[in-house]
Number of protein chains: 2
Amino acid sequence: MLTLKPDHSELVVLSILADTPSYGYAISKAVAARSEGHFKLAPSNLYPLLTRLEKQGLVTTNWEEVKSDTADPDADGRRRKWYRLSAKGQKRLAQHIDAYHRARAILEAFVTPAAEPRA
Amino acid sequence: MLTLKPDHSELVVLSILADTPSYGYAISKAVAARSEGHFKLAPSNLYPLLTRLEKQGLVTTNWEEVKSDTADPDADGRRRKWYRLSAKGQKRLAQHIDAYHRARAILEAFVTPAAEPRA
DNA sequence: CATGATATATCGATTTCGGATATATCGCAA
DNA sequence: TTGCGATATATCCGAAATCGATATATCATG
């Protein structure tokens, strides 16, 4: 039995991370860019999702300090939490893509206005 | 801004009703049939959904007694609640189909493994 | 007479979604 | 220099959808 409502946000984030490691804010921008502005991942959706991905071992993470040109060496710069797709995450992404394709095939029967043969 | 997670159940039910008026149990069977058994609409999903559709004026309803060949004239037969797509429901269905097509177009950029031009 | 199919419906737990809010830094322009 | 928008991460909460389980009752078949 297929779930016809896959977690699109998870698919989308994993897809972004499949290209290159990234961090939250950049991910949200990449999603907006790749969808040509049609899909927006709000912080309230993105960060809990990223935490879930981390807990499930689909991504690995590490913190990085953002260096500023004029920054005082002692100053705490902004921190970025980087996310990298794990092997497990790659498998999950493949599963998402497969599930999407199958769901799409099924839904075609419902979005095509009643042109099926009268068997 | 598109919602990338359209209510597939609603689209599916409206799509079934676009063909012909029907009732709950028959709708769930029709969904299973048209999806070749891949999509199952459980009663706990279907009936609250139908109630919502009715409240929103997307469908009109009426009860019908199911006559049995051997039934005592006084016996209460099973009751069917028929649902018919309203003009408003037809518009909603068209909106769902349009939203689905647009969401599908957007998601293509995410399910295609990183083969985009390096602009 | 018992079982499975027909037929409708609610309950509660879980998950998801979206808006609002919170904190803090950096870059730029008035 | 001051304030504003962008960068950056994160939580809270209310609304909505989903799912499993349960409930009731009739009909058809063996």
Side-chain angles (χ1 to χ4, degrees), chain A residues 1-13 21-33 39-56 59 61-83 96 103, chain B residues 1-13 21-33 39-56 59 61-83 96 103:
Chain A
M1 195 64 56
L2 279 180
T3 167
L4 287 187
K5 204 171 177 180
D7 187 340
H8 287 143
S9 298
E10 183 172 315
L11 183 154
V12 156
V13 167
S22 188
Y23 55 93
Y25 190 80
I27 291 172
S28 72
K29 294 300 173 189
V31 167
F39 188 22
K40 182 176 182 178
L41 254 184
S44 57
N45 296 62
L46 178 60
Y47 291 105
L49 169 57
L50 288 173
T51 302
R52 283 203 303 274
L53 296 180
E54 186 180 4
K55 284 182 180 172
Q56 294 173 17
V59 297
T61 66
N62 69 292
W63 285 95
E64 187 202 63
E65 299 295 324
V66 179
K67 309 287 183 187
S68 167
D69 292 344
T70 59
D72 186 303
D74 292 338
D76 265 13
R78 277 176 299 187
R79 297 150 73 235
R80 285 178 185 152
K81 191 174 184 181
W82 286 84
Y83 296 85
H96 268 295
Chain B
M1 193 65 54
L2 278 182
T3 167
L4 286 188
K5 202 172 177 179
D7 186 341
H8 288 143
S9 297
E10 184 172 316
L11 182 155
V12 157
V13 167
S22 188
Y23 55 94
Y25 191 79
I27 291 172
S28 71
K29 295 300 173 187
V31 167
F39 188 21
K40 182 175 180 177
L41 253 184
S44 57
N45 297 65
L46 178 61
Y47 291 105
L49 169 57
L50 288 173
T51 301
R52 283 203 304 274
L53 296 180
E54 187 180 3
K55 284 181 181 172
Q56 292 172 19
V59 297
T61 67
N62 68 292
W63 285 95
E64 185 202 63
E65 300 295 323
V66 179
K67 308 289 183 183
S68 164
D69 292 344
T70 60
D72 186 302
D74 292 338
D76 264 15
R78 276 177 300 188
R79 295 151 73 234
R80 283 179 186 149
K81 191 173 184 180
W82 286 84
Y83 296 85
H96 269 294

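These numbers come from a predicted model, not from an experiment. All values below come from the heavy atoms of this structure, side chains included, with hydrogens, waters and symmetry mates left out. Below, read A as the first sequence line, B as the second, and so on, with proteins coming before strands; counting in each chain starts at 1.
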Please determine, for the side chain of A:Pro48, which listed nucleotide (C:dA5, D:dT11, C:dA9) has the closest atom? D:dT11
With A:Asn62 via side chain to side chain donor-acceptor pair (under 3.5 Å) - residues at least two apart: A:Arg84
Nearest whole angstrom, please: distance from the C1' of D:dA17 to the CG of B:Leu50. 15 Å
B:Tyr47 has an atom OH; how far is it from atom P of D:dA25, in whole Å? 16 Å
Roughly, in whole Å, what's the span from CZ in A:Arg80 to P in D:dA10? 14 Å
Under the salt bridge (Lys or Arg N to Asp or Glu O under 4.0 Å) test, residues paired with A:Glu54 that sit two or more places apart: A:Lys81
What integer distance in Å separates A:Leu53:CG from C:dT16:P? 11 Å
Any side-chain heavy atom of A:Glu64 within less than 4.5 Å of one from A:Arg79? no
Could you tell me the separation between the CZ atom of B:Arg79 and the P atom of C:dA9, rounded to a whole number of Å? 7 Å
Can you see which heavy atom on A:Pro21 is nearest to which on A:Trp82, and at what distance? O-CZ3, 3.5 Å
Taking C-beta and beyond as the side chain, do B:Leu46 and B:Val13 meet within less than 4.5 Å on heavy atoms? yes
If I take atom NZ in residue A:Lys40 and atom C1' in nucleotide C:dG18, what distance separates them, rounded to the nearest angstrom? 11 Å
For A:Ala42, all residues meeting side chain to side chain contact (heavy atoms under 4.5 Å, CB included), sequence neighbours excluded: A:Ser44, A:Asn45
Could you list the residues that satisfy side chain to side chain contact (heavy atoms under 4.5 Å, CB included) with A:Ala26, not counting sequence neighbours? A:Ser22, A:Tyr23
Side-chain contact, heavy-atom cut-off 4.5 Å: B:Leu53 with B:Tyr83? no
Roughly how many Å is it from CG in A:Leu49 to P in C:dT16, rounded to a whole number? 9 Å
Mind checking whether A:Leu50 and A:Ile27 have side chains closer than 4.5 Å, heavy atoms only? yes
Would you mind reading off the bend of the helix from C:dC1-D:dG30 to C:dA30-D:dT1 from its two end axes, five pairs each, to 10 degrees? 10°
Find every protein N or O atom lying less than 3.5 Å from an N or O atom of nucleotides 20-24 of chain D, and list the pairs.
residue, atom, partner, partner atom, Å
D:dG20, N7, B:Ser44, OG, 3.2
D:dG20, O6, B:Ser44, OG, 3.3

On DNA chain C, does the nearest nucleotide to B:Lys29 precede the nearest nucleotide to B:Trp63 from the 5' side, or the other way round? Give the residue. B:Lys29
Length of the NZ-P vector between A:Lys55 and D:dA10, whole Å: 12 Å
